[in-house]
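Naming: A, B, ... by sequence-line order, numbering from 1 per chain.
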2 protein chains.
Amino acid sequence: MTISIKDVARAAGVSPATVSRALGGGPVSAELQAQVEAAVKATGYRPNLSARRLRSRHSQTIGLIVADISNPFFTAVARAVEDSAYKAGLRVILCNTDENPQKEAMYLQLMEEERVTGVIFAPTRASVDKLARATYNFPIVLIDRAGRAGGRDAVVLDNFAAADMLVAHLVAQGYRRITGLFGNASTTGIERHDGYVAAMQQAGLTPAARFIAPTVEAAEAETCHWFKQGTAPEAVIASNGLMLMGVVRAMLAAGKKIPEDMAIAGFDNESWTELAGPGLTVIEQPVADLGRAAMQLLMDRLDAPDAPMRKMVLGGRCVVRGSTRRATGAAA
Amino acid sequence: MTISIKDVARAAGVSPATVSRALGGGPVSAELQAQVEAAVKATGYRPNLSARRLRSRHSQTIGLIVADISNPFFTAVARAVEDSAYKAGLRVILCNTDENPQKEAMYLQLMEEERVTGVIFAPTRASVDKLARATYNFPIVLIDRAGRAGGRDAVVLDNFAAADMLVAHLVAQGYRRITGLFGNASTTGIERHDGYVAAMQQAGLTPAARFIAPTVEAAEAETCHWFKQGTAPEAVIASNGLMLMGVVRAMLAAGKKIPEDMAIAGFDNESWTELAGPGLTVIEQPVADLGRAAMQLLMDRLDAPDAPMRKMVLGGRCVVRGSTRRATGAAA
DNA sequence: CTTTTCATAGAAATCGTTCTCAATATTTTC
DNA sequence: GAAAATATTGAGAACGATTTCTATGAAAAG
């Protein structure tokens with residue numbers, strides 16, 4: 001019952017090949033071009049993309065594999081990737097791994113079956129190493145998380161520097177006992193941890209870091225625990241937007257004041273951070289640029305498969321707000 | 001260079017048909033099944049989904065067309081839809097229309113070319129009517145926005161009742177001059193407006209509604225304007241999460257106190273609403289249920305194309321927080 | 001006026017599967 | 001033990017497009 005290119009050809013009085021050329025920009029006389037266009041309208045023809053992909057051997061499709069699209073960081077990146085992709089005539093297949101390496105492997109296999117032209121991927125720590133060994137039929141651009149990333153294109157934040165910046169700011173405000181909460185699923189957490197430790201030692205302070213699941217709930221539980229035990233530090237750094245939210249929730253629930261009872265700083269300048277409490281001091285990641293850059297790297301790689309690997313490191317911006325106001329007992 | 005089913009067949013010493021059956025669950029002897037599986041492993045074969053879709057004539061793919069995935073409401077719905085879909089062995093193609101009817105038309109055409117099995121769609125007001133007339137090769141389930149929706153399956157919130165509930169709450173708290181801000185792009189905005197007007201009249205109050213673009217920026221500008229003119233009401237209702245955020249931003253920027261200078265209530269219980277100011281009173285939509293229900297309606301429709309249309313109306317829950325605390329001059 | 005060149009159109013092969021149908025081997029039934 | 005029923009398997013068509021290759025007609029060159 002469906003209308004194929006043959007039906008259009010018959011209606012236009014030409015061969016299927018000519019219809020294909022008329023639609024695809026091949027060399028066709030103006031006269032037949034018009035006939036074909038009329039026939040397409042008359043029949044209501046819609047090309048079958050599966051057939052086109054099969055025969056032409058390119059899918060015009062890329063994969064985007066992230067931990068969780070409902071994390072605003074990935075939402076923003078995804079939106080940028082999709083806009084760039086649709087502009088370039090590419091479809092996007094979106095996959096949520098929930099930081100689960102098995103799902104990652106499953107989706108990578110799916111990408112092979114879809115014969116995607118490329119993949120943009122934010123891998124867990126566990127997959128980063130496997131990835132270095134594995135070989136796929138499509139280029140992969142890592143995003144947000146790259147580790148040492150032997151030989152793979154990547155776009156990441158300068159995590160070490162950003163964490164360092166955050167600690168330096170807190171120290172300058174007079175805070176001494178600064179705890180860090182870091183995600184245990186990604187290399188990003190490790191890099192931020194390293195930046196934190198380095199900055200603390202630089203300032204002659206003792207680092208006190210905790211690696212936890214990168215979720216609101218885990219961070220909230222951890223913070224609640226501190227308040228119950230009376231072990232809360234003067235200030236805390238949370239290594240992503242979700243964990244930052246968890247800390248804020250815990251403070252609200254415990255009736256604590258920000259920053260008087262505990263100062264807060266974190267990553268990801270999500271719009272709510274401006275509105276919560278006295279405003280939260282955060283590192284702003286250039287999320288849209290990140291997505292766009294990943295697409296660009298992917299396109300470049302498709303153009304030049306053998307070009308040397310490129311790792312793009314973007315700088316974060318420290319947005320200072322009320323949650324890290326000068327500690328009361330600070331030296332002037 | 002790519003490995004096809006023929007290569008596997010040769011490696012396993014069977015016909016391509018047998019390989020297809022072995023992989024697809026057809027009747028195959030245990031012996032050959034094992035041979036095929038070994039051959040698949042040995043060759044590293046990955047089925048070509050385009051070829052499979054072309055031949056089998058079903059795409060195992062659905063479309064999800066929403067205004068903007070970075071709106072947390074749609075993010076949550078999308079996540080629920082995708083989880084249900086992947087569980088059912090279906091891919092999801094996600095499209096952002098930015099409330100632009102032209103993009104909507106373009107993506108619907110894309111869905112036809114992809115030969116999707118179905119579409120879940122949150123249309124603009126402009127498209128809702130056209131949709132009633134148009135006919136597609138796949139079922140469409142409307143989500144969030146349905147209007148009168150002649151003959152189309154739909155899952156929506158009881159917007160009228162929800163707005164009514166919000167106004168009633170504000171009135172009970174002693175607020176009288178209550179302004180409503182409604183989105184001008186969707187039928188949802190109209191329904192919430194109608195509920196607002198009805199509740200105001202019920203209470204013997206004069207409605208004062210404004211229809212604006214459903215964005216943070218538009219709501220922020222409108223609210224700023226009030227403060228500059230000195231025309232701010234005692235309380236405001238914002239008809240979605242983005243507009244609610246705009247109002248809060250404007251109050252913060254103007255140094256106004258919530259709820260003393262102006263009370264706030266709105267839609268969408270996004271996690272930040274709990275953390276902003278004294279906490280925001282909102283209508284919580286069952287977003288995950290919404291997404292799941294839409295998938296369910298779609299699957300049911302595929303099973304029974306001629307069954308009568310079903311419109312599922314879900315109730316909202318009013319979450320009361322500090323932003324609507326009793327007005328100081330209120331009667332007891 | 002004939003020959004060469006070029007642009008355009010059609011015929012047929014092809015992409016990698018699934019599906020139909022006929023053939024074979026096996027089991028069941030009488 | 002023969003006939004019928006059943007379960008597997010393979011050969012080949014088909015899905016709907018693009019692409020290659022060949023044929024045709026017109027234009028250009030001699």
Side-chain angles (χ1 to χ4, degrees), chain A residues 1-37 39-40 43-61 89 91 109-117 137, chain B residues 1-37 39-40 43-61 89 91 109-117 137:
Chain A
M1 263 312 299
T2 168
I3 300 144
S4 83
I5 202 170
K6 286 186 186 174
D7 302 306
V8 179
R10 198 171 315 124
V14 301
S15 76
T18 299
V19 176
S20 176
R21 279 187 281 251
L23 297 178
V28 180
S29 68
E31 190 190 8
L32 291 194
Q33 178 80 36
Q35 284 180 40
V36 168
E37 278 165 16
V40 166
T43 54
Y45 168 70
R46 292 276 177 276
N48 182 319
L49 291 185
S50 291
R52 189 195 298 247
R53 291 187 183 123
L54 172 59
R55 174 62 239 225
S56 70
R57 304 174 71 74
H58 30 52
S59 63
Q60 306 285 57
T61 300
R91 289 322 131 251
Q109 177 168 337
L110 175 63
M111 295 303 111
E112 297 196 292
E113 301 185 351
E114 292 277 4
R115 303 292 193 269
V116 295
T117 48
N137 293 324
Chain B
M1 263 313 298
T2 168
I3 300 144
S4 83
I5 203 171
K6 286 186 185 174
D7 302 306
V8 179
R10 198 172 314 125
V14 300
S15 75
T18 299
V19 175
S20 176
R21 280 188 282 254
L23 297 178
V28 180
S29 67
E31 189 190 10
L32 290 195
Q33 178 81 35
Q35 284 179 39
V36 168
E37 278 166 16
V40 166
T43 55
Y45 168 70
R46 293 277 177 276
N48 181 320
L49 291 184
S50 290
R52 176 176 297 181
R53 291 187 183 123
L54 172 60
R55 174 61 240 221
S56 69
R57 303 173 70 74
H58 32 53
S59 62
Q60 306 286 56
T61 299
R91 280 335 125 249
Q109 176 167 337
L110 174 63
M111 294 304 112
E112 297 196 292
E113 301 185 352
E114 292 278 4
R115 302 293 193 269
V116 295
T117 49
N137 293 323

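Straight-line distance from the NZ atom of K6(B) to the P atom of dT18(C): 13 Å, rounded to whole Å. When the P atom of dG16(D) is taken as reference, atom CG of L54(B) falls 7 Å away, rounded to whole Å. Distance, I5(B) CD1 to dG12(D) P: 17 Å, rounded to whole Å. Taking atom CZ of R10(B) as the reference point, atom P of dG10(D) lies 14 Å away to the nearest angstrom. Nucleotide dA13(C) holds its C1' atom 8 Å from the CZ atom of R55(A), rounded to whole Å. Distance CD (E31(A)) to C1' (dA7(C)): 15 Å, rounded to an integer number of Å.
Which of dA13(C), dA13(D), dT9(D) sits closest to the side chain of L32(B) comes down to dT9(D). When the nucleotides dA11(D), dT8(D), dT8(C) are ranked by their closest atom to the side chain of S29(B), dT8(D) comes out on top. Relative to the side chain of R57(B), the nucleotides dG10(D), dC15(D), dT9(D) differ in distance, and dC15(D) lies closest. Comparing atom distances between the S15(A) side chain and each of dT18(D), dG10(C), dA11(D) picks out dG10(C) as nearest. Among dA17(D), dT9(D), dT19(D), the nucleotide with an atom closest to any side-chain atom of S4(A) is dA17(D). The side chain of T2(B) has dG16(C) as its nearest neighbour among dG10(D), dG16(C), dC19(C).
For the segment residues 109-116 of chain A, the set of residues with a heavy atom within less than 4.0 Å of an atom of DNA chain C is empty. The stretch residues 43-52 of chain A does not touch DNA chain C, since none of its heavy atoms comes less than 4.0 Å from the strand.
Side-chain N/O atoms of S20(A) include one lying less than 4.0 angstrom from OP1 or OP2 on dT18(D). Listed pair T18(A) / dG10(C) meets the phosphate criterion, a side-chain N or O lying under 4.0 Å from OP1 or OP2.
Residue-level contact check: V19(A) touches neither bases nor backbone, having no heavy atom under 4.0 Å from any strand.
Applying the side chain to side chain contact (heavy atoms under 4.5 Å, CB included) test to R57(B) and every residue at least two apart in sequence or in another chain returns T2(A). Not counting sequence neighbours, the partners of E37(B) by the side chain to side chain donor-acceptor pair (under 3.5 Å) test are Q33(B).
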Distances for protein N/O vs nucleotides 21-24 of chain D N/O pairs under 3.5 angstrom?
none

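Listed by first then second residue, pairs satisfying salt bridge (charged side-chain N to carboxylate O under 4.0 Å, His left out) with a partner in residues 5-19 of chain A read D7(A)-R10(A), not counting sequence neighbours.
Direction change of the helix axis from one end of the helix from dC1(C)-dG30(D) to dC30(C)-dG1(D) to the other is 40°, with five pairs defining each end axis (rounded to 10°).
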With a 3.5 Å cut-off and sequence neighbours excluded, list the donor-acceptor pairs that the side chains of residues 14-29 of chain A form with protein atoms.
{"unit_1": "S15(A)", "atom_1": "OG", "unit_2": "A17(A)", "atom_2": "N", "d": "3.4"}
{"unit_1": "S15(A)", "atom_1": "OG", "unit_2": "T18(A)", "atom_2": "N", "d": "3.3"}
{"unit_1": "S15(A)", "atom_1": "OG", "unit_2": "T18(A)", "atom_2": "OG1", "d": "3.2"}
{"unit_1": "S29(A)", "atom_1": "OG", "unit_2": "L32(A)", "atom_2": "N", "d": "3.4"}

Sequence neighbours left out, cut at 3.5 Å: what donor-acceptor pairs do the side chains of residues 45-52 of chain A make with other protein atoms?
{"unit_1": "R46(A)", "atom_1": "NE", "unit_2": "E112(B)", "atom_2": "OE1", "d": "2.8"}
{"unit_1": "N48(A)", "atom_1": "OD1", "unit_2": "S50(A)", "atom_2": "N", "d": "2.9"}
{"unit_1": "N48(A)", "atom_1": "OD1", "unit_2": "A51(A)", "atom_2": "N", "d": "3.1"}

Quiz item: How far apart are the C-alpha atoms of R91(B) and R53(B), what are their side-chain angles, what is the distance that settles it, and do they pass the side chain to side chain contact (heavy atoms under 4.5 Å, CB included) test?
Solution: CA-CA 12 Å; R91(B) 280 335 125 249; R53(B) 291 187 183 123; 3.9 Å; yes
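Judged purely by atom type and a 3.5 angstrom limit, T43(B) has no side-chain atom pairing as donor or acceptor with the backbone of V8(B).
Considering all non-hydrogen atoms of both residues, I3(A) and G44(A) come closest at CD1-O, 4.3 Å.
Between N137(A) atom CG and M111(A) atom CE the span is 13.5 Å, to the nearest 0.5 Å.
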